[in-house]
Amino acid sequence: MSDQPSPHPQERLIETIERFKKGGAEKYHQSLKEQNKMFVRDRLDYLLDPGTFVEDGLLTRSLDNLPADAVVTGFGKIKGRQVAVIANDMTVKAGTWGRKTYQKMTYTQMKADELGIPLIYLIDSAGARLDEQQYCYAGHDAMGNIFYNQIQISGRVPQICVLFGPSPAGSAYVPALCDITIMVDKNVSAYLGSPRMAEMVIGEKVTLEQMGGARMHCAMSGLGDYLAKDETEALDAAKQYFDFMPQNWQEKTALVESKEPAPGRQLEEIVPVHQGTPFDMYEFINRVIDEGSWFEIKKLFAPELITGLARLGGRPVGIVANQSKTKGGVIFVDSSDKAARFIWMCNAYNIPLLFLCDVPGFMIGSHVEKQGIIRHGAKMLFAVSEAKVPRICVMVRKAYGGGYLAMSGNPMQPDCTIALPTARPAVMGPEAAINAIHYNKIMELPEEEREAYIAEKRREYEENIDPYSVASEFFIENVVPGYALRQELINRYNVYSLKEVKRIERRNGVMPV
């Protein structure tokens, strides 16, 4: 028997805590460094206010020497505001979900909802742990509860996902079910079946980046909302997005001190009078919003429609805008989906909506009809009509047909529709309208007379679709010069923010898919 006294229980505890906080073996930490990735606790230190993190379950699986069972969970503060966090530890079992991992995750989800605080997922995981699937796959209390909880608390507390590495198979639904997913370029992979599996099952040969890389998801699939060049940019983006959010669905977003717009050309100089001349809607937005407040969502996906958060006189707003420089600003299948999800997110968290309308309409043709342009367009209409937050439509130029409705025109019951002098509201543009109205007459004319006749009829048509005709009938609330638009919007949001939002009494609408 040794004469050495046994260590005091507190010494054993301190040693265990320090060992578990280090995560897995040194070789796995070295692997992170080689990939330019941060250790999970370094990510939390960067994200959270110093000294505010309270951890749950550090000693989980301590008897199995699996620190925290590969996931760090708990609570902290960002700029003084309380948040919950779920963060995978890639140095332990490649961040996989084990029999206690999912229990920690679901516990944190339910606590976040109970406390009414935002939940941030820092994802870097190889997925479910197959050698423990019998404990956590098929039952009522299982890994699938993670997704169930995400859906139950969706729209109740903000859910923010930062994806640093892999998120394969079922775990790929975590980013898909969050309000926003920020992805780190080159390190991220999200897929239901790996390239190796795809080759085995369907014979497809594809790289990991092609199958599920960050850039592909941000530009093509739409799963990613923000493409970051590295991990610090990703965490900074998460904090910037978080600034726009309330703590939960019952709170209003915070006002901050107003800033003047970035210097530049006046709106009258930016917007061409000729409806067919494209212009850069980003320049327009920057001359309306508070300088430095722009946070774009899904920039690379369906760029014909711009969606992003900004501040207007210190007030958070969600902006939906047509970009005539890309595909003429026409609404396609993907842009309909992009708009609908953004509108739902803003409505969920009391963020007022601003629609900047310069839209020729929805895309037409057999190709988009086969893609389901009608039902996808209906999804956008559904989201617009459901939005009860303060909602303003500005007719910048073209406001044609169903596109005007999708951009929250007055028939969709916004708080108001206002127009610039360049606005042109109509069922359809001059080219299509003249062809529809005068087709037979055009065909009767000698060919050499048709061009002049069409030009004259287009001129007459355009004279009848200026903003004054709709303002005269009180179909819209106001026509304002460009220099007055920003203050008009600030004043109107100050008024409309006073209203109490009333929800439609029903279980749920039957949404188009």
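Contact check for K93 versus D131: side-chain heavy atoms found under the 4.5 Å cut-off. Counting heavy atoms from C-beta on, the side chains of W294 and I319 come closer than 4.5 Å. F355 has its side chain within reach of R391: a pair of non-hydrogen atoms, C-beta onward, lies under 4.5 Å apart. Looking at M281 and S324, their side chains never come closer than 4.5 Å, going by heavy atoms from C-beta outward. At a threshold of 4.5 Å between non-hydrogen side-chain atoms, the residues L312 and V288 count as touching. Counting only heavy atoms from C-beta outward, the side chains of L223 and M183 approach each other to under 4.5 Å. In this structure, the side chains of K37 and R43 come closer than 4.5 Å at one or more pairs of heavy atoms. Counting heavy atoms from C-beta outward, I504 and K388 have side chains that approach closer than 4.5 Å.
The pair D56-K111 fails the salt-bridge criterion, with no side-chain N (NZ, NE, NH1 or NH2) lying under 4.0 Å from an Asp/Glu carboxylate O. A salt bridge does not link D69 to K104: none of the charged side-chain nitrogens sits closer than 4.0 Å to a carboxylate oxygen. Ion pairing between a basic and an acidic side chain is recognised when a charged N comes within 4.0 Å of a carboxylate O; D185 and R215 show such pairing. Contact check on R41 versus E55 returns a salt bridge, with a Lys/Arg side-chain nitrogen under 4.0 Å from an Asp/Glu carboxylate oxygen. Between R81 and E251 there is no salt bridge, since no side-chain nitrogen of the basic residue lies less than 4.0 Å from a carboxylate oxygen of the acidic one. Using a cutoff of 4.0 Å between basic side-chain nitrogens and carboxylate oxygens, D89 and K21 are not scored as salt-bridged.
Ring planes of Y226 and F295: parallel class, angle under 30° (limits at 30 and 60°).
In the displayed structure, E26 atom CD is contacted under 6.0 Å by more than 12 heavy atoms of other residues, nucleotides or ligands. The number of heavy atoms from other shown groups lying within 6.0 Å of CD1 (I374) does not exceed 12.
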Legend entry - Candidate pair R506 and E386, rule salt bridge (charged side-chain N to carboxylate O under 4.0 Å, His left out), full reasoning: CA-CA 12 Å; R506 61 187 179 196; E386 235 186 3; 3.2 Å; yes
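Between Y349 and F244, the distance separating the two ring centers is not shorter than 6.0 angstrom.
Checking Q30 against K33 by side-chain atom types alone, no donor-acceptor pair falls below 3.5 Å. Between the side chains of S154 and Q150, no donor N or O sits under 3.5 Å from an acceptor N or O. Side-chain atoms of Q109 and Y148 form no donor-acceptor pair, as typed in the model, at a separation below 3.5 Å. Under the 3.5 Å distance criterion, with hydrogens and angles disregarded, a donor-acceptor pair is assigned to the side chains of Y282 and E296.
The backbone N or O of V71 lies less than 3.5 Å from no partner atom in the side chain of N88, so there is not a single donor-acceptor pair. The main-chain N or O of P118 is never found under 3.5 Å from a side-chain atom of Q247 such that the two would form a donor-acceptor pair.
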